[in-house]
Structure formats: C-alpha cells, structure tokens
Amino acid sequence: MQLSLIFVLAGAMLAQTATQAEKANRAKGMMAANQFAGAAELYGELVRELPGNTGLLLNQGMALHLSGQDAKAIGPLEAALKGNPNIPPALLFLGASYLKTGQAGKALGPLEKFVALEPANVEARQMIIDAASLSGQPGRAVVHLEKLGLWYELGRAYEGLALDTFAQLEKLFPESGPFFALLGDTRSKTSQKRAAFFFYRKALEKSPAMRGVRTEIAKIYRASDHPEWALHEEAAAAKLAAPDCRAKTTECEFAAGRYQSAVRLSKMTSSAMNLYWRTRAYRELSAEAFGKLKSGTPEYFRYKAETHRDQNQQAEAAEAWKEALRVAPGHPDFSRELAGAYLALKDYGAAQELATSLLKAEAEAVDLNQLQGDLYLAQQLPEKALPFLEKAVKLDGRYLPARASYARALLAAGKAKEALPHVTAALPLDSDGSLHIQLARACQAAGLEAQAKAAMSKYQEIQAKRKQQDLMLEDELQITAPK
Amino acid sequence: MMFELLLVVAQIRFEAVGTGPEFVLEHSPTTDKHMIETMPGGLAVFDANGDGRPDLFFTNGASLPSLANKFANRLYRNDGNWKFTDVTKEAGLEGAGYSMGAAAGDFDNDGDVDLFVAGLRSNHLYRNDGKGKFEEITAGSGILSNEWSVAAGWFDYDGDGLLDLLVTNYGAIDLAKPRFCGDAAKQLRVYCHPRYYDPRPNQLYRNLGGGKFADVSLASGVAAVKGRGMSIAFGDADGDGKIDAFVTNDGLPNFLFRNLGKGKFEEVGLLSGVALLDNGKPVASMGTDFRDYDNDGRPDVVVTALNGETFPLFRNAGGGQFVDQTSRSQLGRLSNRYAGWGVGLVDFDNDGWKDLFTANAHVNDVVEKVEAATYKQANAVFRNAQGKFEEVDAGLRGSVKAHRGAAFADLDGDGRVDAVVTSLGDKVEMWRNVSDGGGKFLTVKLRGTRSNRDGIGAVVQVAGQTNAMTSSVSYASSVVGPVHFGLGAAEVVETMEVLWPSGRRQTLKNVKTNQTIEVVEP
C-alpha cells in the first residue's frame with residue numbers, strides 16, 4: 001500500500017555538522033522528488049553518524065518504506081518509537097511495513113495506537129481491518145468497520161467472531177446442550193429440518209431445562225404437519241421457569257436485543273451458557289450489520305448472492321451476482337463467483353465466456369486456469385482442458401483440486417500413465433472413492449495390476465464406510481414424536 | 001479383422017409416421033412426485049400372432065398412489081403398411097398394476113413368443129397360444145414378486161435350451177409416505193434423488209420347463225449385490241462362450257454378472273471396468289445395449305444417463321476387460337447435453353457400422369428451474385464413422401417430448417431398421433427409417449433346435465461384423481426379431497458364421513444380401 005499521508009520530515013538534528021546539514025537537505029529534497037531509495041541511503045548515513053536520533057530514524061524508516069524496502073524499514077521505525085512511543089507517522093509506517101511484510105498480527109498494535117491519536121484517519125482504519133482479517137482476529141476490526149460504515153465486512157467479521165466463539169464452546173464443552181442447540185440453529189437456518197430436529201433433541205437430552213429449544217422443536221413439528229406434537233412441546237416449554245432478569249445476565253441482555261452488552265457480560269466467565277449466548281449475540285450482530293446494507297449496492301447483492309450460494313440456490317445466486325456486476329462492472333471476484341454459479345447450473349457456455357474474459361486479465365491465476373479446464377472437462381473436451389489444467393498445476397503444484405482435475409483430463413484423453421502422479425497427489429481429497437477409481441485406471445494403464453487392485457479395494461472400503469454413515473444418519477434423522 | 005467400408009456416404013433419415021398406434025403412455029403424474037411416475041415406458045416388438053410381421057406391445061401406468069385404476073397395457077397388431085390395430089383385449093394383455101418393462105421370449109420353445117411384464121409389485125408372465133392370445137400363468141409359475149421391478153430379460157444362462165429370466169429391481173418405495181424433496185420455501189417439489197430408495201437385489205428365475213420357474217437369485221449369486229436396477233443387456237463379455245448379464249443402476253455402479261457356469265454368477269462390474277466411468281463417479285444409468293460398435297468382434301456396452309453425465313461407452317478390450325471410450329469415441333462431447341433412456345446400437349444406414357439412437361428427456365419435469373437443462377428433449381442419432389461418433393440431423397429434432405422407452409425393428413420389411421419411442425403423457429412415436437444410400441442388408445432369422453427356439457444368445461458374424469440375438473434391449477424394452485446387418489455395397493457375403501448358445505458353430509457360404517435368411521441350428 002502506498003500511503004497517501006503527507007509526511008512531515010523531522011527536521012531537528014542536534015550537533016550536526018555542515019556536511020550533515022547539507023546531507024539532510026539533500027535527503028529532504030530527494031524525498032520531495034519521490035527519490036526514496038536515495039533518500040533512505042542518505043538518512044542511513046546520517047543515522048550512523050548521529051545514532052539514536054529519533055527524527056533521523058523516523059525519516060530513514062519512512063524513506064525505506066516508501067522505496068518498498070519494508071523489511072529494512074521496521075528496525076529504524078521501531079527504534080524511533082523507542083525514543084518516543086507516540087510519534088504518529090512512526091506508528092503508521094511501522095504498521096504499514098509489518099503489513100507489507102506479512103506480519104499482520106504485529107501491524108495491529110502500532111496501527112491501533114495511531115488511530116487512537118488520529119481517529120479521523122480512514123486509511124489507517126482500513127489497514128487495521130486488513131491486518132485483523134489477515135491475522136484471523138476479526139474482533140479487532142469491528143470498531144473500525146462500524147466507524148467506516150463497511151456493513152458487509154462488519155457482518156462477516158461478526159460471523160467470524162461467532163464461529164470462533166462456537167469453536168471455543170466445542171473445545172471447552174463438547175457435546176453439551178448449548179453446543180447441540182447451536183448446531184440445531186445452524187441447520188434450521190438452512191432449512192435442514194430433520195438435522196435441526198436431531199440436534200435440538202440432543203440438546204434437550206443434555207440440558208432438559210434449556211429455554212428456547214423446545215420452542216424450536218415445536219416449530220419443526222408444525223412445519224412437518226405434526227401440530228399435536230407441536231402443542232405438546234409448547235406446553236412443556238411454558239412450564240420452564242422464566243429467566244430472572246432483575247440483575248443483568250447475558251440471556252436477559254440477549255432477550256432485550258442488547259447484543260453488545262450480552263457479549264461484554266458473557267466474557268466475564270467462560271461457561272457453556274455464556275459461550276452459547278455470545279455466539280448467538282454475534283450472529284445477531286452480524287444479521288444487524290447485513291441489515292444495514294444499502295439496497296442496490298454491490299455489497300448488498302454480494303451478500304444476497306453468497307446467501308443463495310451457501311444454500312445451494314445457484315440460479316438465485318447467479319441472478320444476484322449479475323446484479324452485483326451491473327453495479328460494479330468487471331469486478332473480478334463477482335465475475336469468478338458468477339462463473340462458478342453458471343458451472344453449478346451446467347450453463348457451461350456462459351461460464352466459459354466469463355472465465356475466458358477473466359483469464360485475459362489474469363493469465364497466471366491458478367483458480368482461473370483450473371476453472372477454464374474444469375469447464376472444458378464438464379463439456380467432455382479433455383484435450384481443450386489439458387493446457388489450462390497443466391498450467392494451473394505448474395503455477396501451484398500444491399493446489400490439489402487442480403491436480404485432481406488435471407488427472408481426470410489426462411485419463412479422459414487416454415493419457416492414463418501421465419495421470420498417475422497427479423491422481424496420487426490428489427488422493428487426500430478423495431471423499432467418495434472416485435479418485436481411487438481413477439488411480440486404479442491409471443495403474444492399469446501403467447501395468448501396475450497389484451496397485452490397481454489395491455486402489456479398487458480402497459474405493460470399496462470408502463464406499464462401504466459412506467453407506468454405513470448414510471444409514472446411520474437416515475436412522476437418526478427422523479422427526480419423531482415428543483418424548 | 002476390420003470390415004472395409006464399401007459404401008461411403010449414407011444419410012440417416014427418419015420420418016414420423018402418422019398412422020401408427022394411438023397409444024398414450026399414462027404415467028399418472030402427481031403432486032407427491034412418486035419416483036415411479038418418471039420411469040414407465042418399456043415396450044416390446046415381436047410377432048405376437050405368427051403372421052410374420054412385428055407387432056407392438058406397450059406397458060402402461062396406473063393411478064397413484066392407489067394403483068387401483070390400471071391404464072391398460074396395449075398390444076397393436078401390425079397390419080402392414082404402417083397400419084396397426086389395437087388387439088389388447090382379444091390378446092388378454094390389459095394387465096394389472098403399474099407396469100414398467102417388457103421382456104418377450106419363447107420361454108416354452110413352442111414357436112411363438114411369450115411375454116413377461118415387469119412393474120411395481122406386479123410382475124406378470126403370459127403364455128402365447130400362437131394365435132395372438134395370451135394366458136396369464138404368473139400365479140403358478142414361481143415368478144411372483146413383491147418388488148418394484150423395472151425391466152427383465154430372457155437368456156439361457158445354464159445352456160439347457162430353456163430361456164431363463166433375469167428381473168431388475170429398483171428400490172424400496174412407500175407410496176403412502178412420499179418424501180418431500182425440493183425447496184419448500186419456493187413450493188418447488190422435485191422427484192427425490194435415487195439415494196432415497198434403498199437398493200434391492202435383482203432376481204434370477206431358472207426355467208424348469210412346463211411354465212415353471214425356480215427363484216435362484218441367491219443360489220446363483222445374483223442376489224449377493226444390491227443396486228437400483230434399470231435395464232438389462234446380455235452378451236459374452238469375456239469370450240468364454242457363456243452369456244453374461246449387464247445391469248444398469250441408477251446412481252450406483254453398474255453390474256456385470258459374469259456367468260461362471262454351473263448356475264453361478266459373480267458380479268465383476270468394477271473389476272471389468274463397466275461399473276463406472278474413468279472419473280470414478282456413478283451416473284444415472286438408464287438404458288443399455290451390449291453390441292460390438294467398433295467391429296472388433298467383441299461386444300461393447302453403451303449406457304444412457306443424465307445430461308452432464310454423458311452416455312458412457314465401454315469398449316471391450318478382451319479378456320473381460322472394458323475401457324471407458326466415452327470421450328475418445330466423441331460420444332462424451334456429443335451426448336453431454338442430453339438425458340437419455342431408450343438406446344440402441346443399430347446400423348441404421350446399412351453402411352456396416354452400428355449407429356446409436358437415443359430416446360431423450362430429463363427425469364426431472366421441473367429441471368429448467370434448477371439447472372440449464374430441458375425436461376423434454378428431442379431424440380438423437382449418432383452416426384458411427386468407423387468407431388467414432390458424429391451427431392446427425394436425422395429428422396427427429398422437431399419432436400420434443402418426455403421420451404422414455406425405445407425399440408428398433410424393421411417394421412415395414414424394407415431392410416432398414418425403424419424406431420418406436422414412447423413418451424410420458426404423449427402419443428407413441430413411430431419413426432420410419434428412410435435413410436438413403438441404398439446400403440445392402442442381411443437379416444438373419446434363427447431357429448434353434450438344441451438351443452432355445454429363437455436362438456437368443458447366438459452370435460452371428462458376417463463380413464467382419466458381429467451381432468447377437470438378444471431380446472433384451474434399450475430401456476426396459478424387448479425386441480424379438482432377426483439379427484440385422486448393414487453391408488454397404490456388398491451383393492454377396494462370402495462367409496456367415498453362427499455360434500449357437502448350445503456351442504455349435506455353423507458356417508454358411510455365399511449368402512446373398514438384401515434378404516432375410518432363416519438359419520436352423522444343425
């Protein structure tokens with residue numbers, strides 16, 4: 001990131017000689033003329049001549065950052081801050097250099113300090129948001145997202161916090177009532193009634209007095225044409241004692257719609273219930289943020305499209321991505337997503353048109369080369385798929401989906417032997433055994449009969465395991481009468 | 001040995017015949033979306049009354065979910081000149097229950113073709129009296145079943161000269177409790193994925209003679225595996241002289257039941273390479289044919305499936321091994337946009353290479369709402385250009401329907417093989433083959449003496465081509481008719497060889513083309 005900050009060079013240099021003053025002036029001039037590398041060298045010389053000079057260290061750090069030498073900039077900037085911990089430019093440039101050198105976590109501290117000193121600085125807040133996202137600390141972005149009115153990002157940040165809290169709940173209180181209740185909520189949200197019912201039932205087994213769960217079960221009963229069972233659950237729910245809200249509790253704050261307060265209170269102790277309410281509060285805060293998205297904006301359509309996509313409503317997702325692209329023409333991420341939706345809808349022509357256009361701008365993108373290859377594969381044109389998939393594999397040999405697609409294309413093109421290393425590499429992705437069948441075919445072509453047989457046995461093993469799991473799930477996922 | 005192509009250009013063309021049967025396939029669509037509604041449409045083409053002309057039998061549905069009102073199955077007598085008369089009632093073939101597939105075969109070797117009808121917990125066996133009247137003998141025959149049967153096929157697996165019966169079963173179904181599949185919020189209900197129907201074993205009945213059958217499903221090993229059986233085709237996959245059975249499965253790996261002899265079968269689909277495409281994914285396999293498409297003397301397997309899945313083609317590489325040739329034959333690219341049911345590898349232009357006809361339509365009647373596909377589709381013809389396929393405009397594209405079953409026979413005796421296609425809720429299509437090019441033909445009518453009467457299971461080799469006598473074809477359908485060969489410009493076939501199911505090999509020399517020749521097993 002090129003900072004647009006107008007830097008103010010530190011001018012005061014104690015005990016300078018005429019030569020040093022002249023050097024300082026030259027450096028200053030170079031900075032003004034955007035000759036940052038030269039300036040950095042001069043400031044380096046001055047720092048060596050006048051060690052510990054905070055102003056010179058700051059100037060050297062800035063010049064290094066602006067000349068793209070971020071790794072080298074960190075030392076002088078940190079040294080400058082040792083001299084004076086509250087120099088705003090030093091904080092900002094240090095944060096920026098940390099970010100540029102992939103140390104997003106370390107960038108947060110100086111940037112947050114900078115924003116505290118200069119709260120109106122939008123660019124710094126944006127950097128904090130980036131750093132928080134990159135370092136997996138969405139919570140530290142929240143206040144800045146809110147300030148900047150970035151509702152989409154805020155919604156996603158709260159979602160991230162909800163996920164983190166849920167993960168904590170799973171770790172600390174696995175198989176607890178609150179844990180299962182949240183799983184039930186997740187399934188219910190995506191209309192997976194039977195799965196939701198299963199988890200709510202498990203929640204009740206663990207925590208029979210947990211409020212809200214029976215009401216959710218009653219809703220599922222009604223939606224499944226079992227009104228008499230719903231009445232039974234509702235009656236049982238009514239018997240549960242109401243929460244005592246004379247004192248502030250997470251549950252009461254949540255019920256009153258004061259989600260931030262619920263979050264704060266929940267952090268006082270890490271009980272299962274506190275983690276449960278905190279997760280739910282974050283989910284609500286996320287929904288609130290998304291609710292503030294202005295209709296007709298790219299983010300509005302993006303959120304809509306992603307919601308449809310996540311619920312496997314690909315036709316609706318495609319329409320929303322098209323709307324998003326109407327208001328943000330050529331947006332590469334939206335175009336990628338639209339191409340993905342077209343692929344899921346088997347509208348290969350439309351997907352290919354997008355993929356081709358994206359590839360023109362990003363010929364070296366692994367995902368786009370793979371997408372183009374997959375599209376040809378889906379149209380049963382393996383020969384056309386091969387160059388794209390080969391390129392994707394060359395660009396990133398560790399990207400296993402590309403290896404799997406490349407192997408499939410090679411097999412379809414009759415180049416089974418060549419497929420062998422790629423299908424072997426992709427085996428960790430094999431969830432249904434299909435890659436082991438591909439491996440068997442490749443081994444057969446290479447005359448490796450024993451390996452082919454072993455691969456087929458593995459396929460059968462995977463299939464048998466899946467069948468068993470499906471049967472278990474089928475048994476478990478039944479909506480049954482109240483207990 | 002490769003057959004030299006003697007005739008260079010022959011345009012495959014079909015004409016719709018308006019004078020055909022008025023039969024409409026009643027599948028009883030309901031808002032409950034019972035899967036069986038999507039699956040009827042099997043038919044049989046055979047000479048029911050012994051007049052030498054192939055007649056037409058159609059299976060039909062029943063009211064759902066009660067199954068109380070049967071829409072009669074139909075038999076149409078071929079009066080010649082593309083005129084057909086409904087003789088169902090006289091023939092006694094109205095049937096009962098929800099019927100799906102038909103299998104014609106002379107199981108009692110009395111010289112007339114009998115009939116088996118598969119359906120939902122309602123299978124029926126009829127004996128032909130030779131004059132076109134059929135007597136139902138199900139009750140005492142030993143073939144009673146409570147399964148959801150889709151198709152069946154006759155073959156003599158034990159070489160005793162009597163045709164045995166293999167029946168495919170789809171899955172467990174409860175019509176009283178239809179599962180909701182789709183998007184309730186959008187009030188979009190669709191037919192459930194096959195995975196919601198628990199797989200069932202197929203059934204093998206050994207013909208004991210005298211109209212009696214023994215269920216040998218378990219003893220033979222056929223019932224050792226469970227699938228969602230759709231169609232059946234027979235062929236000698238491994239060249240050991242014993243007939244093997246290929247069964248398509250919906251959304252599961254296909255089965256190849258290798259005939260081990262002594263009444264035993266082993267399912268070898270996976271090992272032989274016909275269970276799955278090379279990508280390792282099972283497809284919604286529907287119809288099938290098991291014939292030599294590349295004139296290398298070995299029977300290959302073709303399967304119809306949904307759009308995006310291709311119509312898999314497995315080339316027999318010898319030694320019981322098959323190679324996925326879908327992509328390399330060009331069939332993958334060409335078939336990818338179709339969903340197919342009925343299918344036949346038949347030399348429609350008589351050029352010496354078996355072409356491919358597919359009866360097309362998607363299974364999901366609201367597929368347009370969920371993906372870029374269409375429910376009703378036109379049928380397709382893929383011309384076989386020496387082992388590579390090319391799609392041709394054969395005059396079929398104007399008829400866009402929910403096609404299902406298809407059967408292929410020379411209905412007007414002109415030496416060109418015609419097509420009959422059923423469609424859900426629509427009138428049957430009669431496609432007259434009017435391909436030009438004047439390719440010569442030879443049709444071989446077999447009469448078994450030691451083998452079964454119609455020589456089902458016999459392999460005939462003519463001028464470098466191989467074809468087999470089978471009555472089990474396409475999707476849940478059946479044809480009993482002479483074995484057809486297209487011969488290009490050849491006036492005479494130097495050598496014709498018949499390998500009878502009994503193992504006897506018979507050679508005929510200097511056989512003139514453009515005729516139907518009857519060959520009696522010596």
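Proteins get letters first, then strands, A, B, ... in listed order; numbering begins at 1 in each. Values reported hereafter were calculated over all heavy atoms of this structure, with side chains retained and with hydrogens, waters and symmetry mates removed.
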*asked:* I need the minimum non-hydrogen distance between A/Arg441 and B/Leu276, along with the two atoms involved.
replied: NH2-O, 4.0 Å
*asked:* Under a 4.5 Å cutoff for heavy-atom pairs, which residue among B/Thr326, B/Asp324, B/Leu270, B/Asp183 has the most contacts with chain A?
replied: B/Leu270
*In terms of heavy-atom proximity below 4.5 Å to chain A, should B/Gln325 be classed as side chain, backbone, both, or neither?*
neither
*Nearest 0.5 Å, what's the OH-CG distance between B/Tyr196 and A/Asp470?*
9.5 Å
*Of all the heavy-atom pairs spanning A/Tyr459 and B/Pro253, show the shortest one and how long it is.*
OH-CG, 3.4 Å
_On a heavy-atom basis, which atom in A/Asp432 and which in B/Lys281 lie closest, and how many Å separate them?_
OD2-NZ, 2.8 Å
*Might you point out which heavy atoms bring B/Gly280 and A/Ser434 nearest each other, and give the distance in Å?*
O-CB, 3.4 Å
_Which atoms of A/Gln463 approach chain B - backbone, side chain, both or neither, heavy atom under 4.5 Å_ = neither
*Where on A/Glu383 is there a heavy atom nearer than 4.5 Å to chain B: the side chain, the backbone, both, or neither?*
neither
*Is the CG atom of A/Asp225 crowded by more than 12 outside heavy atoms at less than 6.0 Å?*
no
*Looking only at side chains, do A/Gln438 and B/Asn279 share a donor and an acceptor under 3.5 Å apart?*
no
*Using non-hydrogen atoms and a 4.5 Å limit, figure out which bit of B/Val370 sits close to chain A: side chain, backbone, both or neither.*
backbone
*Can you tell me how far CG of A/Leu381 sits from CD of B/Gln330, rounded to the nearest 0.5 angstrom?*
8.5 Å
_Contacting region of A/Ala412 [heavy-atom separation from chain B under 4.5 Å]_ = both
_Just so I understand: if I count every heavy-atom pair under 4.5 Å between each of A/Gln311, A/Arg194, A/His436 and chain B, which residue has the most?_
A/Arg194
_B/Gln187, CD: over 12 other non-hydrogen atoms inside 6.0 angstrom_ = no
_side-chain contact (heavy atoms from CB on, under 4.5 Å) evaluation trace for A/Gln380 with B/Leu331_ = CA-CA 9 Å; A/Gln380 304 298 317; B/Leu331 196 54; over 6 Å; no
*Which residues in residues 342-356 of chain A have any heavy atom lying under 4.5 Å from a heavy atom of chain B?*
A/Leu345, A/Lys346, A/Asp347, A/Tyr348
_Is it true that, when you exclude B/Lys33 itself, more than 12 heavy atoms of the residues, nucleotides or ligands shown sit nearer than 6.0 Å to its NZ?_
yes
*Interchain contact, B/Leu271 with chain A, by part (heavy-atom threshold 4.5 Å)*: both
_More than 12 heavy atoms of other residues, nucleotides or ligands under 6.0 Å from CD of A/Glu228: yes or no?_
yes
*chain A contact via B/Asn307 - which portion, at a heavy-atom distance below 4.5 Å*: both
*Can you tell which part of A/Leu411 gets under 4.5 Å to a heavy atom of chain B, answering side chain, backbone, both or neither?*
both
_Any non-hydrogen side-chain atom of B/Gln321 less than 4.5 Å from a side-chain atom of A/Gln444?_
yes
*Residues A/Arg408, B/Asp278; criterion salt bridge (charged side-chain N to carboxylate O under 4.0 Å, His left out); working and verdict*: CA-CA 8 Å; A/Arg408 197 150 61 86; B/Asp278 272 356; over 6 Å; no
